Amino acid sequence: MDQTHFLNARLADGSLRDLTVAGGRFSAIALAANATMPPSGAIDLAGQLVLPAFVEGHIHLDTSFYDDVWRPHIPCTNGFDVRERVAFQMRNLEQAAPMAERARNQLELCVGNGSLAMRSHVMVDAAVGLKHVEAILAVREKYRHLVDIQLVAFPQSGILSSPGTAELLDEALKLGCDLIGGLDPASFDRDVKGHLDVVFGLAEKRGAGIDIHLHDRGTLGLFEIEEIAARTATMGMQGKVVVSHAYGLGDISADALAKAGERIAGAGVAIMTNAPGDHPFPPVAALRKAGVTVFAGSDNIRDSWWPYGDGDMLNRANMIGYRSGFYEDCELEAAYDVVSHAGAKALGLEGYGIAVGAKADFVALKAEHVPEAVVAVPKDRTVYRAGREVARGGKVGPKTR
């Protein structure tokens, strides 16, 4: 079996190691030997920090306009409103470049920055049917050698309020989506039980995971999270359910948050946040202390919801740390964990990390340690998939597409 040797890699613990890759996985990790006659073809990383490839836990490959014509943001008429934003999105999509082209642009942006595993939500509703799912499934197949992509059948227009959507979600799972999504059961569909009956029912029927968008705030959002946690525990789906955004956890009392954290952790429900600038977001440190898996995603990248987003999960760690008031090294390491190991756990990734037997999907960058990487966000980085270089300086190599 062919082997590739990487010399003088700096690991997160500060040690210098020589890494050997065989069959796409790490086959040996040893103290740096500084050999005068290195193995033929060895790659000298010269003390660069080596981290497992980042996990992009929440994006929308079908609705991004990255590298398309710039589309000015349209504000809601009376504060944030999901229905109004969806209407803006549909209007913009009618004028956008072909979906497959836009999805490839965004995917390569993420890979170029070091994400080799991602979860994308894909719109399913009565208006678009399964067109988005079919287009993104084709993109996933084309790039499967480069990145692992989980797809969520996402009811962007609700389920009960959009007749026929439940059946379309079922078809999306049969076509190849990995998870079933949901959207604000209380404020959007105005029927928490009915909405969750469909979501959990389809998950049980198809053996799929669940990832629910939840924007509802305050005690309403908390109530929905508690209902999701209770169902997760009752159905034995611990580790297979995610609540994305969970804004409600960011604007409740400390006592209520502590109790909620215990329930969420006990049910094995993970929480995804992108630390948005204009919304409360789940308190990362408090939830992690309670034992909750908190991970991150870019969410929208230059689309109808906001014009921001760079597809760089290391920059997302910086943002989460900044907004969370993380200053100490241990806190900065926690911000990094949210975009790496915690994301891998939430997505159920096999073989993640820098360890013998793990997949050799990693990023090499110029930093002395993880805290510096989170603060400095060095852009000079090289991305390796199965021990083979696939991107450098933010660009995916033409031979790897």
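Everything quoted here is computed from the prediction, not taken from an experiment. Throughout, residue positions are numbered sequentially from 1 according to the sequence presented.
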Quiz item: Got a donor-acceptor contact below 3.5 angstrom from the E224 side chain to the D216 backbone?
Solution: no
Exercise. Would you give the length of the straight line joining atom CG of D178 to atom CD of Q150, rounded to the nearest 0.5 angstrom?
Key: 5.5 Å
Quiz item: Are H58 and H213 an aromatic pair by the rule of ring centers under 6.0 Å?
Solution: yes
Quiz item: Looking at D148 and R385, does any basic side-chain N land under 4.0 Å from a carboxylate oxygen?
Solution: yes
Quiz item: Roughly how far apart are K289 NZ and L287 CG, rounded to 0.5 Å?
Solution: 12.0 Å
Quiz prompt | Shortest non-hydrogen separation from A117 to V147 and the atoms involved | solution = N-CG2, 4.0 Å
Quiz item: Is it true that a side-chain atom of W306 and a backbone atom of N300 form a donor plus acceptor pair closer than 3.5 Å?
Solution: yes
Exercise. Could you tell me which non-hydrogen atom of R102 sits nearest to which non-hydrogen atom of D62, and how far apart they are?
Key: NH1-O, 3.1 Å
Exercise. Test S64 against Q106 for side chain to side chain donor-acceptor pair (under 3.5 Å), laying out the working first.
Key: CA-CA 7 Å; S64 170; Q106 182 176 332; 2.8 Å; yes
Practice problem: Identify the heavy atoms of P371 and L332 that sit nearest to each other, and give their distance. | Solution: CB-CD1, 3.9 Å
Quiz item: Around atom CG of N78, are there more than 12 heavy atoms of other residues, nucleotides or ligands at under 6.0 Å?
Solution: no
Quiz prompt | Donor-acceptor pair, side chain of S161 and main chain of G158, under 3.5 angstrom | solution = no
Quiz item: Which one of D197, D189, L196, L202 satisfies the side chain to side chain contact (heavy atoms under 4.5 Å, CB included) criterion with I159?
Solution: D189
Self-check item: Ionic contact status for K259 with E262, cut-off 4.0 Å
Solution: no
Self-check item: Salt bridge flag under 4.0 Å for residues E108 and K142
Solution: no
Exercise. Kindly give the heavy-atom pair with the smallest separation between A172 and A153, and that separation in Å.
Key: CB-CB, 3.7 Å
Practice problem: Mind checking the CG-CG spacing from N315 to D310? Nearest 0.5 Å is all I need. | Solution: 4.5 Å
Quiz item: Could you give the distance from CD1 (I59) to CG (L61), rounded to the nearest 0.5 Å?
Solution: 4.0 Å
Self-check item: Minimum-distance pair of heavy atoms, taken over all atoms of A28 and V356
Solution: CA-CG2, 4.1 Å
Quiz prompt | Separation between CG of L173 and CG of L151, rounded to the nearest 0.5 Å | solution = 10.5 Å
Exercise. Could you check whether the rings of F362 and F6 sit parallel, tilted or perpendicular, using 30° and 60° as the cut-offs?
Key: perpendicular
Quiz item: Given side chains that start at C-beta, do those of V269 and V242 come closer than 4.5 Å, heavy atoms only?
Solution: no
Quiz prompt | Flag, side chain of E56 to backbone of S298, donor-acceptor distance under 3.5 Å | solution = yes
Practice problem: Flag the pair K174 and E171 as a salt bridge only when some basic side-chain nitrogen lies within less than 4.0 angstrom of an acidic carboxylate oxygen. | Solution: yes
Quiz item: Which is it for R144 and E141 under the salt bridge (charged side-chain N to carboxylate O under 4.0 Å, His left out) test, yes or no, and what are the steps along the way?
Solution: CA-CA 5 Å; R144 64 184 305 171; E141 180 63 25; 3.1 Å; yes
Quiz prompt | Ion pair D68/R302, N-O distance below 4.0 Å | solution = no
Practice problem: To the nearest 0.5 Å, tell me how far F54 CZ sits from R316 CZ. | Solution: 13.5 Å
Quiz prompt | From CA spacing to verdict: side chain to side chain donor-acceptor pair (under 3.5 Å), D255, S253 | solution = CA-CA 5 Å; D255 287 344; S253 70; 5.5 Å; no
Self-check item: is_close_aromatic(F154, H60), centroid dist under 6.0 Å
Solution: yes
Quiz item: What closest approach, in Å, do R10 and G47 show between heavy atoms, and which atom pair accounts for it?
Solution: NE-O, 3.2 Å
